[in-house]
Structure formats: C-alpha cells, structure tokens
Amino acid sequence: MSQKHATTLISSLCSRGAVCHARALFDEMPERDVVAWTAMLSGYASNGLRREALDVFRRMVAAGAAPNEYTLSGVLTACRGPCAPATAMPLHAVAVRRGVDRMPYVVNALIDSYASLAEGVVDARRLFDALGSGRTAASWTSMIAGYARWGQERTGLRLFKTMLKDGFELSTFACSIALHACTLVIDLCLGQQLHLQCIKKALDVNLAVVNSLIDMYCTCARILDARSLFDGTPERNLITWNTMIAGYSQCDPLMALQLLLEMNDEPNCFTLTSITSACADLAALRCGKQVHGAVLRRSYSDDLQMGNALVDMYSKCGSITNAKNVFDRMGCKDKFSWTSMIAGYGMNGYGNEAVQLFSSMIHAGVHPDHVVFLSLISSCSHAGLEDEGWNFFRSMINEYNLQPNKEVYGSVVNLLARAGSKWGEYAFTRRSLRGIGSRKEAGISWIEVMDKMYSFTAADSSSPQVCLADEVLHILSQHMDDVGSEFCHIIFKAT
DNA sequence: TTAGGGTTAG
C-alpha cells in the first residue's frame, strides 16, 4: 500500500471513530510524511483524544517532520479549554517559526484556543482585530463564543451585531452561539428576534439552533414556547431531551419525570442531574434513591455536578446522612458542593454542623459568597444560634467584603426576630446597620425596616415580636412583594 | 492524501 493510500485510509477510519485501527495502520507505515502525521493527529483530535493527538505531534517534531498549516490547526484543536494537554502559546510560536501563523485556518484555530481560556480572550481579540478583512465566519463565531464563555455575553452580542452589519450571513453556528448568549443574559426580546430570523432563513431546521432556542425559552420562563418547539422538532437528539427536561426541572418537576419516561435515548449524566434536581424539588426520596442507583450503575458518581445535585436532593428530602455520605465521597468539591451541604444541615436543623462545615470550607480554601452566608445565617436562625448568625452577618461584611442582598437581610431579620427574649441584646443593630449604609430594595430601605423593628422592640421589650408584627406587616403590605415572605412567616408565627 | 466555529445539568 502506498503512503498516500495508507493516509487516506487512516483519515477515513478516524472519521468513523475507528481510531485504534487507524493507529495500527499508522504504526505499520515504513515511512511517514507530514500528511500522514497530520492525518493521525487530526484523527485523534476530532475523536476527543487530545493527549494522543499532542503525543503524535511531539513524536512528529522529534522525528524531524516539519509541521504545516494543516498540522498546526489540527493540534490546536486538541488544545482548547481548561483541561487541554497544552496551551496555545507554544504552538503559536511553532506556527510563527514555520511561517504559517497568518494562514486563515491557523489563525482561527489560534483564536479559538486562546478564547477557550478566560485569560486568553484578550490575546484572541488581538489576533481577531489583526485579521481585518481576512476574517472568515469561523473567526467571528470563535470570538463571539469566547466572549459568551467567559461572562462577556454583551460584548459577544455586540460583536455578533457587527458581524451581521459587516455583511456576514447569519449562519447556524453564529445563531446558536448568539442564542446561547441571549440565554445567559436572559434577553428574551433579542432571543425572539433571532428566532424570527431563523424562521426566515430556514435555520430552524438545524438541531443545534433548535436546541439553543429551546434552552433560551426555558431560561426566559417561556416553557410553553419551548415545548412547542420541542414537539415540532421531528429529529431530537439527547441534547434536545436534556434541555427540555432541564427546563421542566426548574418549573414543573413532575413533567421532567414524565419526559424521562417518554425518552427513547439512554439518559446520560446531564439527564440524571436534572432528574435528581426534580426529585429534590418534589422531596421525592424514593425516586431520588432510584436515580442515585442509576448514577452508580453508570459510573457517573465522580461527576461534580451530579454529586452536587445528589447532596441537594438528599438534603431537601430530609436524608442528611445520605447527603453527607455523597458529600464525603466526592473526589472534587466546588463552592456549590459546600453550599449544598451547609444548606442541607441548616434546613434539617443541624446548625452546629453547618457552622463546623463552614470552617472546613474556609480551611479548604473555598471563598464564601452570598449564598453560603444566606445558608449559614438561616441555619443559625433555625438552630437558635443567634450570636453565631449575627457574627456571620458581620463577618460577611467586614471580613469578606460582601454587601448583603435582600435575601440575606431577610434572613438576618428572621434571625433577630427569632431571638425573642434575647432581642434586647441586639440593641446595637440599628447603629451597625446604619454603618453599612442604606439599601433601597423595592422602594423601601431595609434599614428603615430594621429601624422600625428596633424602635418597637425598645418600646415594649416584654413582647417584642407581637409589637413588631402590625407595623412591619403594614410596611410590607405597602412596599414589599416577594421579599416579604420571610417576614410574613415570622409575623404570622408571632401573631 | 492532512485542518476550523455551535446547543444540554446544580
């Protein structure tokens, strides 16, 4: 077999996923030119075998074969994202040395690789700007996707509009990325405009576009629009099902379970995470345990998001021992894992455990946010740990420089109101809160509410909660909507 | 004979 034929065969085998056969053939080749090396490494890269792709590249260089523009764009594909086996920079240097760094495919692959890391977005933009009129549709989409990926969705959407102004046709790629950006910033209006454009240009037959549309409608609380698209799609893939199930798990958990039963595909890790979350919302412990069994059978236990969802589910189902078991077995934990477990302790009345776990979290080097403090203060409130809760509130502001949001204020008010007879000990409340500064929420300053509560308490310390009730309820009825629920809970209990 | 961009979970 000639080298040319062998190379064609390697490429063909890889495109069908038969990478091992391709590699066997590659190893048997007596001689390999740059095309053969490139076919092998690109084959690995396109099958997600990134380390292998990079390994072939290194062996190729060691063997003295000179990489060309095809090689560079192939190996750069393997070097995207935070888990990439290498970063773009050394490959960029190779491309410069070989004189191929300005070739369109190579530049686009470089933009894509740089923009796959948060710290590389600026470098990607520099390359993108330098391209000028040499930009292709792929340059635009890689750059827009880079912005959307790293929290600069608005910049991405502005670039998307510039792209259209510059005369580039709306492609399925650009459209799905732009829709994803709309989803991230919850821009239903732009999302709907894009939907209309999709219909006009017949892009709505593309599954990635449809999936992005479904996701956008689910996130923008238009579940019926999402469902109508879902029902109207003749071809659905696992992502379509997962997106719809995830949408339902947020607003109609029973329907999420129903959809799982209708699904023909084998559920994956994404599916089971959403289903676990649906079970959590329904407090359906038996169902949740079955899902956990399915997770174990499929070896999804090591997945971080899956673990977090299971901790949350067991916590909300009141099974704190199971929650802790899952938490302890998690090989890798993030902020959400700790928050779910702390909140789990709190909602099940284990205030001391929540406080201890917070210490462990700090010890583990995880930086707390509003949600952690909200869980903690709420845990302390439920467990009668007023002093601890109040100290956490102060530490949130003074040590961690976090401005309390309305939920945290609500929880603190709850904490103080529950203190009951100890209320007098919090005489410093008003002064301390004044120090924080006034915060207007829904037309009323929380400080004003706290002031009111304080003044009524001071006026009749024998029955502070009852005294609070009428006045606070009056304020709430005039100015509060959803944020008042925590107050109302206290008030109804007190009166 | 070798190369590119997109969509799903807490």
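Numbers restart at 1 for each chain; the letters A, B, ... are given by sequence-line order, proteins then strands.
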Is it true that Asp55(A) and Arg58(A) have a side-chain N and a carboxylate O under 4.0 angstrom from each other?
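Result for this pair is no, no salt bridge flagged.
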Between [options], which one does the side chain of [X] approach most closely?
{"X": "Val35(A)", "options": "dA9(B), dT8(B), dT2(B)", "result": "dT2(B)"}
{"X": "Tyr70(A)", "options": "dT1(B), dT2(B), dG10(B)", "result": "dT2(B)"}
{"X": "Ala145(A)", "options": "dG6(B), dT8(B), dG10(B)", "result": "dG6(B)"}
{"X": "Ser176(A)", "options": "dT7(B), dT1(B), dA3(B)", "result": "dT7(B)"}
{"X": "Thr7(A)", "options": "dA3(B), dT1(B), dA9(B)", "result": "dT1(B)"}
{"X": "Asn211(A)", "options": "dG10(B), dG5(B), dT7(B)", "result": "dT7(B)"}
{"X": "His180(A)", "options": "dT8(B), dT2(B), dG6(B)", "result": "dT8(B)"}
{"X": "Ala208(A)", "options": "dA3(B), dG6(B), dT8(B)", "result": "dG6(B)"}

With a non-hydrogen cut-off below 4.0 angstrom, is [X] in contact with a base, only sugar-phosphate, or nothing?
{"X": "Thr136(A)", "value": "base"}
{"X": "Asn308(A)", "value": "base"}
{"X": "Val106(A)", "value": "nothing"}
{"X": "Asn237(A)", "value": "nothing"}
{"X": "Leu72(A)", "value": "nothing"}
{"X": "Asn206(A)", "value": "base"}
{"X": "Thr8(A)", "value": "sugar-phosphate"}
{"X": "Arg149(A)", "value": "sugar-phosphate"}
{"X": "Ala246(A)", "value": "sugar-phosphate"}
{"X": "Ala36(A)", "value": "nothing"}

Spacing of [X] atom [atom1] relative to [N] atom [atom2], expressed in whole Å:
{"X": "Asn268(A)", "N": "dG10(B)", "atom1": "CG", "atom2": "P", "answer": "14 Å"}
{"X": "Ile111(A)", "N": "dG6(B)", "atom1": "CD1", "atom2": "C1'", "answer": "16 Å"}
{"X": "Leu229(A)", "N": "dT7(B)", "atom1": "CG", "atom2": "P", "answer": "18 Å"}
{"X": "Met163(A)", "N": "dG6(B)", "atom1": "CE", "atom2": "C1'", "answer": "12 Å"}
{"X": "Ile239(A)", "N": "dT8(B)", "atom1": "CD1", "atom2": "C1'", "answer": "6 Å"}
{"X": "Met330(A)", "N": "dG10(B)", "atom1": "CE", "atom2": "C1'", "answer": "10 Å"}
{"X": "Ile10(A)", "N": "dA3(B)", "atom1": "CD1", "atom2": "P", "answer": "12 Å"}
{"X": "Asp302(A)", "N": "dG10(B)", "atom1": "CG", "atom2": "P", "answer": "20 Å"}

Is there a donor on the side chain of Tyr105(A) or the base of dA3(B) sitting less than 3.5 Å from an acceptor on the other?
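Checked by distance alone, the answer is no.
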Has the side chain of Ser73(A) got a donor or acceptor that lies under 3.5 Å from a partner of the other kind on the base of dA3(B)?
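When only heavy-atom distances are counted, Ser73(A) does reach the base of dA3(B) through a donor-acceptor pair under 3.5 Å.
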Report the relative orientation of the aromatic rings in Tyr114(A) and His92(A); use parallel for angles under 30°, tilted for 30 to 60°, perpendicular for over 60°.
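It falls in the perpendicular class, over 60°.
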Partners passing side-chain hydrogen bond (donor to acceptor under 3.5 Å, both in side chains) against Arg125(A) (at least two apart in sequence or in another chain)
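With sequence neighbours excluded, Arg125(A) shows a side-chain hydrogen bond (donor to acceptor under 3.5 Å, both in side chains) to Asp129(A), Tyr147(A), given in chain and number order.
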I'd like to know if the side chain of [X] pairs up with that of [Y] as donor and acceptor (distance under 3.5 Å, no hydrogens or angles considered).
{"X": "Thr136(A)", "Y": "Ser139(A)", "result": "yes"}
{"X": "Asp225(A)", "Y": "Ser228(A)", "result": "no"}
{"X": "Ser212(A)", "Y": "Asp215(A)", "result": "no"}
{"X": "Ser337(A)", "Y": "Asp334(A)", "result": "yes"}

Over 12 non-hydrogen atoms of neighbours within 6.0 angstrom of NE2 in His367(A)
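Atom NE2 in His367(A) is packed in, count exceeds 12.
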Answer yes or no as to whether dG5(B) has its base stacked against Trp140(A), where stacking requires a ring-centre separation under 5.5 angstrom and planes under 30 degrees apart.
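So Trp140(A) does not count as stacking on the base.
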Mind listing the side-chain donor-acceptor pairs of residues 180-194 of chain A below 3.5 Å, one per line with the distance, residues two or more places apart or on another chain?
residue, atom, partner, partner atom, Å
Thr183(A), OG1, Leu179(A), O, 2.8
Asp187(A), OD1, Cys189(A), N, 3.3
Asp187(A), OD1, Leu190(A), N, 3.0

Does anything in residues 75-98 of chain A come within less than 4.0 Å of DNA chain B? Heavy atoms only, and list the residues if so.
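Under 4.0 Å from DNA chain B: Thr77(A), Arg80(A).
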